[in-house]
Amino acid sequence: TLTLTSLIILTLPITTTLLQNNKTNCFLYTTKTAVTYAFAISLIPTLLFVQSNQEAYISNWHWMTIYTLKLSLSFKLDFFSLTFMPIALFITWSIMEFSLWYMHSDPHINRFFKYLLLFLITMLILVSANNLLQLFMGWEGVGIMSFLLISWWHGRTDANTAALQAMLYNRIGDMGFIMMMAWFIIHLNSWEFQQIFLTNPKNTTLPLLGLLLASAGKSAQFGLHPWLPSAMEGPTPVSALLHSSTMVMAGVFTLIRFYPLMENNLTIQTLTLCLGAITTLFTAICALTQNDIKKIIALSTSSQLGLMMVTIGINQPHLAFIHMCTHAFFKAMLFLSSGSIIHNLNNEQDIRKMGGLYKTMPITSTAITIGSLALTGMPFLTGFYSKDPIIETANMSYINTWALLITLIAVSMTASYSTRIIFFALLGQPRYPSLTQINENNPYLVNPIKRLILGSIFMGFFISMNTIPHTTPQMTMPPHLKFMALAVTLLGFTVATELNNMTHNLMFKQPSRMHTFSTTLGYYPITTHRILPYLSLTMSQNLATTIMDSIWLEKMIPKNLTIMQKTAASLVSNQKGLMKLYFLSFLLSITLGLLIAL
Amino acid sequence: MPYIYINIILAFVISLIGTLIYRSHLISSLLCLEGMILSLFTLNALLSLNINFTLSTIVPLILLVFAACEAAVGLALLIIISNTYGLDYVQNLNLLQC
């Protein structure tokens with residue numbers, strides 16, 4: 001039963017694409033209802049799993065056998081995939097309904113829905129894959145769909161550049177993935193997870209490094225992060241689906257999948273921890289002074305991803321997974337409400353030009369408030385059930401103090417930039433033009449947001465109550481550590497409120513150094529996007545043109561020879577060029593010699 | 001000595017004198033150089049045919065090869081002089097010393 005239901009889930013959305021009736025209007029509605037039914041059906045295996053804790057592996061179609069390697073279509077339905085699939089389907093359902101309102105005036109809306117559906121299918125393939133080949137197919141699939149969806153408005157150069165950026169940074173990560181696959185197939189002769197975990201090799205540093213690189217690329221960790229803020233060029237439903245809840249989770253998800261190998265390898269854990277800590281602090285700093293609402297939310301996603309990496313680094317993959325699931329809800333909701341604001345203010349994305357939406361858009365402002373509170377880990381909302389255990393476990397485990405401090409600072413900054421969004425977008429006097437068309441009455445806009453609000457409030461409780469903890473949580477700790485997360489968040493709130501209130505009165509003449517550092521995303525995209533291509537292009541120019549053509553063919557032998565001979569000749573000879581005299585003397589001496597000899 | 005050898009050696013000597021004594025144009029020296037080579041070639045060919053020494057029939061051919069190279073070098077020199085001075089008068093050669 002489990003097998004059949006999960007296969008039905010995967011094929012329901014697929015059959016909708018196969019119908020290909022792009023011209024009719026009901027394609028959209030059939031897609032949306034297909035996803036709804038898929039969500040409902042996917043709850044069945046999940047509830048069965050919750051009741052019985054019985055994992056399943058489905059392996060049905062034998063694809064090919066290369067010498068001793070057997071490749072087949074296999075699905076792994078364990079805690080991670082069974083919990084994530086309904087969540088992904090729920091969020092996709094909400095986003096599709098939202099995009100019926102958001103992309104209403106777009107002539108190619110059928111194609112948009114087709115792309116969203118393809119993305120969902122590849123994401124589900126990734127999540128439920130049991131062998132690395134299938135996971136890689138899902139991985140590449142979400143990369144391609146991200147590219148197509150970010151450049152949805154392809155007439156805009158910024159969108160095309162952003163899509164290329166996303167693709168290139170993902171590719172750098174893919175190299176790590178392929179290295180990992182190659183290592184596994186050489187050393188363990190298999191790409192199936194069961195065999196990898198059974199044999200439990202001892203020297204797993206190299207493939208885990210490849211895996212870390214792959215998830216750094218896919219999940220926008222520091223060093224490979226600029227594509228995520230640039231990916232906000234895509235439409236808001238795309239940002240909500242891809243870059244808040246699902247695609248950027250793919251990297252963290254794969255890392256979580258490999259937790260049996262990572263438990264034994266302390267080097268990789270330390271690396272993950274430090275990388276996650278740097279990412280979360282850096283992106284939180286950058287999010288503090290951005291002016292585009294979508295970029296703030298994107299950088300907040302990046303910061304939360306860093307937090308998940310930190311959790312994996314302290315050897316708590318299950319906490320990271322729970323945080324991933326809960327984060328999906330409130331981040332998608334934040335994106336949807338920002339989309340509602342943007343559309344209602346006639347495509348205005350700059351928070352300096354919003355304000356006073358508290359009274360005019362009550363549902364959206366409620367959503368933003370609840371989402372921000374959940375994000376910062378307000379007690380007993382969703383984020384609390386995942387974020388608080390992470391901070392507590394981090395405080396009590398034997399880790400790098402610097403990473404811990406950085407994570408705490410980043411948590412306080414989370415509160416700060418959330419306050420900034422609320423302050424600038426919702427409170428105060430309106431700063432947008434007076435002719436407004438603010439209208440929240442469309443059910444396609446309101447229903448998804450309402451559903452996600454309910455999810456943000458209650459899902460944390462449900463998920464944490466229904467899962468069996470795989471590691472014992474920390475029960476006793478000193479009170480100052482227990483309240484650390486809460487205290488740090490409150491500190492962030494108060495500081496941000498004070499500073500934002502000061503912006504009514506003060507105005508800096510010139511932005512300080514730290515401000516420009518933060519606004520230009522830490523100078524990172526500016527430097528690396530110029531320097532790296534410049535270096536490789538000059539190196540190739542030197543190799544191809546200068547060394548081969550110019551030096552070896554032209555200058556080395558012919559020109560050198562002429563110069564040497566000319567300088568030698570002009571130095572050595574002191575002739576005067578009296579040709580006739582020389583020839584006459586030659587003739588005379590020959591004749592004299594002949595005459596004397598004869 | 002057979003008469004024909006004397007004839008050709010005389011041709012050689014006349015060309016030699018022509019190479020060494022010329023009035024103004026450099027190209028006349030080069031022409032007489034070609035004449036020298038021609039007479040040497042004929043001498044070599046006749047000699048190897050009359051003595052019936054088959055192996056030495058290759059000598060005129062090798063001479064011809066080197067003659068061609070030498071003529072090319074001579075002409076290249078002529079062209080350089082002509083590029084610098086415009087004419088190939090011999091009295092030009094000590095005017096501009098570099």
Side-chain angles (χ1 to χ4, degrees), chain A residues 527 530-598, chain B residues 1-3 5-40 43 69-98:
Chain A
T527 47
R530 297 270 171 98
I531 283 185
L532 286 175
Y534 177 73
L535 281 178
S536 38
L537 283 176
T538 47
M539 180 186 77
S540 59
Q541 186 195 23
N542 277 337
L543 277 178
T545 311
T546 314
I547 289 185
M548 191 60 204
D549 286 344
S550 162
I551 292 184
W552 194 248
L553 292 179
E554 253 185 49
K555 291 210 180 94
M556 176 79 68
I557 298 184
K559 290 263 168 73
N560 269 348
L561 203 59
T562 46
I563 293 177
M564 265 199 308
Q565 295 296 327
K566 264 201 212 157
T567 40
S570 52
L571 273 176
V572 168
S573 68
N574 49 359
Q575 293 179 2
K576 299 211 179 7
L578 306 164
M579 292 284 296
K580 290 210 280 195
L581 189 64
Y582 303 149
F583 277 163
L584 271 172
S585 56
F586 182 62
L587 186 63
L588 209 59
S589 41
I590 294 270
T591 345
L592 273 176
L594 273 175
L595 280 176
I596 292 177
L598 283 177
Chain B
M1 182 172 283
Y3 175 63
Y5 294 142
I6 299 176
N7 198 356
I8 296 180
I9 292 175
L10 196 61
F12 175 75
V13 171
I14 291 177
S15 294
L16 181 70
I17 295 176
T19 316
L20 299 176
I21 302 177
Y22 55 92
R23 194 158 154 162
S24 49
H25 282 273
L26 194 65
I27 197 168
S28 63
S29 173
L30 290 178
L31 266 175
C32 291
L33 204 62
E34 295 301 312
M36 279 164 72
I37 293 174
L38 181 66
S39 62
L40 275 174
L43 189 66
C69 299
E70 167 202 343
V73 171
L75 279 174
L77 277 173
L78 189 69
I79 289 185
I80 290 184
I81 291 179
S82 174
N83 277 345
T84 326
Y85 298 108
L87 294 166
D88 62 341
Y89 284 173
V90 176
Q91 57 253 51
N92 292 338
L93 287 178
N94 62 346
L95 280 182
L96 296 169
Q97 290 185 349
C98 55

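Worth saying up front: this structure is predicted, and the values here are computed from it rather than measured. All heavy atoms count here, side chains included; hydrogens, waters and symmetry mates do not. Note on naming: letters A, B, ... go to the chains in the order of the sequence lines (proteins, then strands), and numbering restarts at 1 for each one.
- A/Ile590 contributes atom CD1, which lies 8.0 Å from atom CG of B/Leu20 (distance to the nearest 0.5 angstrom).
- If you take CZ on A/Phe586 and CD1 on B/Ile21, they are separated by 12.0 Å, rounding to the nearest 0.5 Å.
- Note: B/Leu16 CG to A/Thr591 OG1 = 8.5 Å, rounded to the nearest 0.5 Å.
- Interface remark: B/Thr19 contributes backbone atoms only to the contact with chain A (heavy atom separation under 4.5 Å).
- Around the CD1 atom of B/Ile27, the shell of radius 6.0 Å holds no more than 12 heavy atoms that belong to other residues, nucleotides or ligands.
- More than 12 heavy atoms of other residues, nucleotides or ligands lie within 6.0 Å of CG in A/Leu537, so this atom counts as buried by the packing criterion.
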